[in-house]
Amino acid sequence: MTRLDADDSEEAVLAKAAQVRPTARQLAWQRDEISAFVHFGMNTFTNREWGDGSEDPALFNPAALDAGQWARAAKSAGITRMILTAKHHDGFCLWPTRYTEHCVRSSPWKGGRGDVLGEFVAACRTQGLRYGVYLSPWDRHERSYGDSPRYNRYFLNQLREVLTTYPGFEEVWFDGACAEGPNGRKQEYDWRAYWRLIRELAPSATISVRGPDVRWCGNEAGHARVSEWSVIPMPGDGRAWERSDETLGGYLRDIHGDDLGSRQALMRSRGDRARLAWYPSQVNTSIRPGWFYHENEDDRVRPLGELLDVYYGSVGGNGQFLLNIPPDRRGLFHERDVARLAQFGGVLKQTFGRDLAAGARLTAEVTGGASVGDPTSLLDGDPGTFWTTTDGATTVTITAEWPAPVRANCLSLQEYIASGQRVETFDVEILTEGGWSRVAGGTVIGHKRLVRFADATLSGVRVHFTRFRLRPALTGLGLYLAPAILAGPKIARDLGGLVTITPPAGAYARYTLDGTDPTDASARYTNTIPLPRGGVMQAASFPLTPGGEIAGSGPVASRVEYGPAKGKWKILSCDSQDDAGGRAERAIDDDPGTFWETRHRDGTDPGPHHLAVDLGETVAVRGFSYTPRQDGWDGGIVMQARFEVSLDGTNWVVAADRVGFDNIVNSRTQQIVRLAAPVSARYFRMTALRTVGDSDRASAAEIDVIVG
């Protein structure tokens, strides 16, 4: 790492940043542009996201497990690397470990002789995929957890066992989940010891997220930064990766913020004598709302358009796309997930299978310097060749022209990152019958920048590199035509219970109310649909013109499960609300874009906080739902709640207590609580028992009941 000094000039800072380079393992990781996360384990069979370690191993019995199916399905999506959750927070191990009985050896699967991790590794090798492993340091089953020295020895033993029994790992993935052990003390992980062991036994493996090679993008929704720098400032003591997100965030101003590596960010960090490190970003999200398989999410597989947007934002924005696909209780990727993966991979192949830039004539114009090498090397597809300029260049323009016009809508640019990341701003022009016109601009490039623009017939592309560090070094330029993708319709309901479906331009919608996917035989949407008692609404888009570019039905919109219409609902009581923008009524307005929030601007009311609702009539309640705030902030998000019901608004009965919303801070999806049997109620009350950061603040975008 390169250290910044407090008196460094801007020129010196940029020169130092331009010379920070990735390791060989980081380069290999970046070239695996799409990876798969496979969350599988005890949570699959308990229908949870975070287990507590008390689960009976007898529950684990994936009778049809086929890791080969996982690998084949992943490969169909263009995935080249897979990571398995060999041990999650519940401590259950997917290999027959010598160090605990809480593992597959104690399960009925294959008579206790099964080995999920072994089968996973073998399947990846067969399909030519690189493979990694997730081992959770947080272990809610192990009794030594919290006795830091003793548990660290235990974890190192497991880590050594995995890395020696199954050689060839290319990635070891850690998160920072940590808690108190049975002794009441918070475990202190010996990260340095973990990393030394990995470097010894798996020297080519990147250590990701809670490690020195790869960082987390900061969310699990698949959102990538507009400007994703791989070179960022880290604390001068060189121990950044051991720190909590809060500590590290304080140093970097905001580790999850929008600006980590701009020249302004670098200049701000000089006084801290920061070290500049190559620390690329991984953008992770799940193909479903949850990370583990849940049957009630079978109809909530992410639409194709959403996955493509994540791809263009992550891979096309100098990051890596880590897509989670959870096997079901059979031990298979669900059929709908498999179909979506194939659909996603098919579009990528259709788009990037043919490079329209082939055969172009490339020229380079350099102001303040000279061209070094032949710019035509940008078309050879070889990441080891590059074109650059002499030092002192101030502006650079690369022009590509074709003898005959081509139809395109996506430009690919790549820097030669083996020598650093240099480009700060650029503009793109295209040559059509009307002459040259600007169609896009951007900031960083890094490993890859995918620039999308409206479909155009063009005979030339011109890229102006207007700001860079030292001099640009480029290795690739490509031009592509992505097919049109039909988006799913939008679904909304008013307080009277009328549902409106809005299809995208050039399409119409069909819908179902029985939980099945809409087909071309389903009811066509023509007018608002009354749904006063609630239910499940699903809708899909269909093209208006069969002969047009858009073909086939669109992705099903995210499943919407409504409770009864809220026109009669009223707030019965609320112990705290923010009058400036978070009044209680916002939690029952059927608009997830608004939210209730407790008082915090001019003081803090002590928790736990509650919100009670008058339904306006007596109904049979079969469950409840809680939707966290959707504005990107986590203030007051409820992690544990109690739900109560009442017939008179005075006498309350607990219907569901200490309900945990696992991983809600990162997933931000609607949480559904189902009751074993319906209960009659006119009133219901939610009490926030625990919120993010164990604060005295609570919030909710929507609270609801499930009836019928």
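Index from 1, following the sequence.
Rounded to the nearest 0.5 angstrom, Ser208 OG and Phe174 CZ are separated by 10.0 Å. Between the CD1 atom of Ile34 and the CE atom of Met82 there is a distance of 12.5 Å, given to the nearest 0.5 Å. To the nearest 0.5 Å, the span separating CD on Gln421 from OG on Ser230 amounts to 4.5 Å. Note that the SG atom of Cys217 and the NE2 atom of His223 stand 9.5 Å from one another [nearest 0.5 Å]. For the atom pair Ser204 OG and Ile198 CD1, the distance stands at 11.5 Å (nearest 0.5 Å). The CZ atom of Arg340 sits 13.0 Å away from the CD1 atom of Ile325 when rounded to the nearest 0.5 Å.
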Open item on the list: For Arg462 and Thr399: C-alpha separation, side-chain torsions, deciding distance, then whether side-chain hydrogen bond (donor to acceptor under 3.5 Å, both in side chains) applies.
Closed with: CA-CA 4 Å; Arg462 193 156 60 192; Thr399 302; 4.9 Å; no

Task: Trace of the salt bridge (charged side-chain N to carboxylate O under 4.0 Å, His left out) decision for Arg210 with Asp175 - done: CA-CA 5 Å; Arg210 187 60 69 192; Asp175 59 30; over 6 Å; no

- [ ] Apply side chain to side chain contact (heavy atoms under 4.5 Å, CB included) to Val214 and Trp29, showing your working.
- [x] CA-CA 9 Å; Val214 175; Trp29 173 88; 3.4 Å; yes

Open item on the list: I'd like to know whether Asn318 forms a side chain to side chain contact (heavy atoms under 4.5 Å, CB included) with Ile445, so could you lay out the CA-CA distance, the side-chain angles of the two residues, the decisive distance to 0.1 Å, and finally the verdict.
Closed with: CA-CA 6 Å; Asn318 188 40; Ile445 294 176; over 6 Å; no

TODO: Test Thr23 against Trp278 for side chain to side chain contact (heavy atoms under 4.5 Å, CB included), laying out the working first.
DONE: CA-CA 8 Å; Thr23 64; Trp278 190 276; over 6 Å; no

- [ ] Under the side-chain hydrogen bond (donor to acceptor under 3.5 Å, both in side chains) rule, what do Ser35 and Gln320 come out as? Steps first, then yes or no, please.
- [x] CA-CA 8 Å; Ser35 294; Gln320 190 205 63; 3.3 Å; yes

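The closest donor-acceptor contact from the side chain of Gln282 to the backbone of Gly319 lies at 3.5 Å or more, if one exists at all. At least one donor-acceptor pair closer than 3.5 Å links the side chain of Lys87 to the backbone N or O of Ser136. At distances below 3.5 Å, not a single donor-acceptor pair connects side-chain atoms of Thr432 with backbone N or O atoms of Leu458. At least one donor-acceptor pair under 3.5 Å links the side chain of Lys75 to the backbone N or O of Gln127. Not a single donor-acceptor pair under 3.5 Å links the side chain of Thr165 to the backbone N or O of Val162. At least one donor-acceptor pair closer than 3.5 Å links the side chain of Arg449 to the backbone N or O of Val444. The main-chain N or O of Pro289 is never found under 3.5 Å from a side-chain atom of Ser286 such that the two would form a donor-acceptor pair.
A side-chain N or O of Glu33 and one of His447 form a donor-acceptor pair less than 3.5 Å apart. The closest side-chain donor-acceptor pair between Asp258 and Ser227, if any, does not fall under 3.5 angstrom. Thr85 and His39 share no donor-acceptor pair across their side chains, judged by distance under 3.5 Å alone. No side-chain donor-acceptor contact under 3.5 Å links Thr475 and Gln414. Between Arg471 and Thr388, the side chains place a donor N or O and an acceptor N or O closer than 3.5 Å (distance only, hydrogens not considered). For the residue pair Asp213 and Thr206, no side-chain donor N or O sits within less than 3.5 Å of a side-chain acceptor on the partner. Side-chain atoms of Thr425 and Thr466 form a donor-acceptor pair, as typed in the model, at a separation below 3.5 Å.
The side chain to side chain contact (heavy atoms under 4.5 Å, CB included) test applied to Gln264 returns Ser262, Arg268, not counting sequence neighbours. Residues passing the salt bridge (charged side-chain N to carboxylate O under 4.0 Å, His left out) test with Arg467 are Glu424, sequence neighbours excluded. Listed by chain and residue number, Tyr312, Thr351, Asn409 satisfy the side chain to side chain contact (heavy atoms under 4.5 Å, CB included) test with Ala482 (two or more places apart in sequence, or in another chain). For Arg31, the salt bridge (charged side-chain N to carboxylate O under 4.0 Å, His left out) test picks out no residue, with sequence neighbours left out. When the side chain to side chain contact (heavy atoms under 4.5 Å, CB included) test is applied to Thr457, the partners found at least two apart in sequence or on another chain are Pro405, Arg407.
A salt bridge is defined here as a Lys NZ or Arg NE, NH1 or NH2 lying under 4.0 Å from an Asp or Glu carboxylate O, and Glu228 with Arg215 meets this definition. Using a 4.0 Å cut-off between charged nitrogen and carboxylate oxygen, Lys16 and Asp5 count as a salt-bridge pair. Asp427 and Arg438 are joined by a salt bridge, as a carboxylate oxygen and a charged side-chain nitrogen come within less than 4.0 angstrom of each other. Comment: Asp8 does not engage Arg270 in a salt bridge, judged by the lack of any side-chain N to carboxylate O separation of less than 4.0 angstrom. Electrostatic pairing of Arg288 and Asp337 counts as a salt bridge here, judged by a charged N lying under 4.0 Å from a carboxylate O.
Ring centroid separation for the pair Tyr279 and Trp229 does not come in under the 6.0 Å cut-off. Aromatic pair Tyr416/Trp387: ring centres not closer than 6.0 Å.
Using a 4.5 Å heavy-atom cutoff, the side chains of Leu276 and Met234 are not in contact. Inter-residue side-chain proximity for Thr285 and Asn324 is flagged as unmet; no heavy-atom pair is nearer than 4.5 Å. Looking at heavy atoms from C-beta onward, Gln69 lies in side-chain contact with Val338 at the 4.5 angstrom threshold. The closest side-chain heavy-atom distance from Pro22 to Gln30 is not below 4.5 Å. Looking only at side-chain heavy atoms (C-beta outward), Trp173 and Val133 stay at 4.5 Å or farther from each other. A 4.5 Å side-chain heavy-atom check between Arg81 and Leu129 finds every atom pair outside the cut-off. No side-chain heavy atom of Ile83 sits less than 4.5 Å from a side-chain heavy atom of Val38. Taking the side chain as every heavy atom from C-beta outward, Glu429 and Val439 never approach each other to under 4.5 Å.
Aromatic ring pairs are classed by plane angle as parallel below 30°, tilted from 30° to 60° and perpendicular above 60°; the pair Phe120 and Tyr131 is perpendicular. Using bins of under 30°, 30° to 60° and over 60° for the plane-to-plane angle, the ring pair Phe352/Tyr480 lands in the perpendicular bin. Classification of the Phe344-Tyr311 ring pair by plane angle, with boundaries at 30° and 60°, yields perpendicular.
Considering all non-hydrogen atoms of both residues, Phe386 and Ala473 come closest at CD1-CB, 4.3 Å. Taking all atoms of both residues into account, the shortest heavy-atom contact from Leu477 to Leu379 is O-CD2, 3.5 Å. Here the closest non-hydrogen pair linking Leu266 and Pro233 is CD2-CD, 3.8 Å.
Among residues at least two apart or in separate chains, salt bridge (charged side-chain N to carboxylate O under 4.0 Å, His left out) pairs with a member in residues 355-380 are Arg361-Glu401.
Around the CZ atom of Arg125, the shell of radius 6.0 Å holds more than 12 heavy atoms that belong to other residues, nucleotides or ligands.
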